[in-house]
Amino acid sequence: MNRDQFRGASRHLKGRAQTAIGGITGDPARQVRGAVNQVTGGAQYAYGTARDRAEDLARDGRHLAHAARERADDVIEDGRHLAEEARRRGQVYGRRALRYADTNRTSTLLGLVAAAFALGWFARPSR
């Protein structure tokens, strides 16, 4: 309960007491002041409740934003690890291919010639 809720509730109770006393004593001015205090106290209490709710929502929003930022940081970090792993694997596979080509020069050369011939065959215009 915040200050506005407390003051609104106390003003509303004060207004109810004024209205009751005005009714008992037959004082219409006191009854009107009591009614005004009741309405004013109710409005102030409602304002305090709305302010309380807005503060809760702001706190929840900050919490959600913080959680989203942490999750985004985790996703970025995971992406960095995946990119590093892909780069490392690419280097390993490239080195293997170079080693194979270096140790098997004849078959590599024949494979390249066959691939070039096939590309030329498929790229030639039909007769």
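The figures here come from the full heavy-atom set of this structure, side chains too, leaving out hydrogens, waters and symmetry mates. All values reported here derive from a predicted model rather than from experimental measurement.
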CG of Leu57 to CG of Leu64: how many Å apart, nearest 0.5 Å?
10.5 Å
Could you measure the distance from the OG1 atom of Thr40 to the CZ atom of Arg11? Nearest 0.5 Å is fine.
4.5 Å
Taking only residues two or more places apart in sequence or in another chain, which ones pass salt bridge (Lys or Arg N to Asp or Glu O under 4.0 Å) with Asp56?
Arg59
Quick check: closest heavy atoms across Gln38 and His12, and the distance to 0.1 Å?
O-ND1, 3.1 Å
Compute whether any side-chain donor of one residue and acceptor of the other, for His81 and Glu77, lie under 3.5 angstrom apart.
yes
Side chain to side chain donor-acceptor pair (under 3.5 Å), paired with Arg105, selected from Thr103, Asp102, Thr108
Asp102
Phe122 with Phe117, same ILVMFWY side-chain cluster at under 4.5 Å
yes
Beyond-backbone contact of His66 with Arg71, side-chain heavy atoms, under 4.5 angstrom
no
Evaluate the side-chain proximity of Met1 to Tyr45: yes if any heavy-atom separation is below 4.5 Å, no if none is.
yes
Quick check against the 3.5 Å criterion: does Gln5 have a side-chain atom that pairs as donor or acceptor with the backbone of Asn2?
yes
If the threshold is 4.0 Å, N to carboxylate O, is there a salt bridge linking Arg88 and Glu84?
no
With Arg87, the side-chain contact (heavy atoms from CB on, under 4.5 Å) member among Gln91, Arg89, Glu85:
Gln91
Give every residue pair that meets the side-chain hydrogen bond (donor to acceptor under 3.5 Å, both in side chains) criterion with at least one member in residues 27-36, sequence neighbours excluded.
none
Run the numbers on Arg3 and Arg51 for side-chain contact (heavy atoms from CB on, under 4.5 Å), then give the verdict.
CA-CA 10 Å; Arg3 179 184 51 180; Arg51 194 178 94 190; 4.3 Å; yes
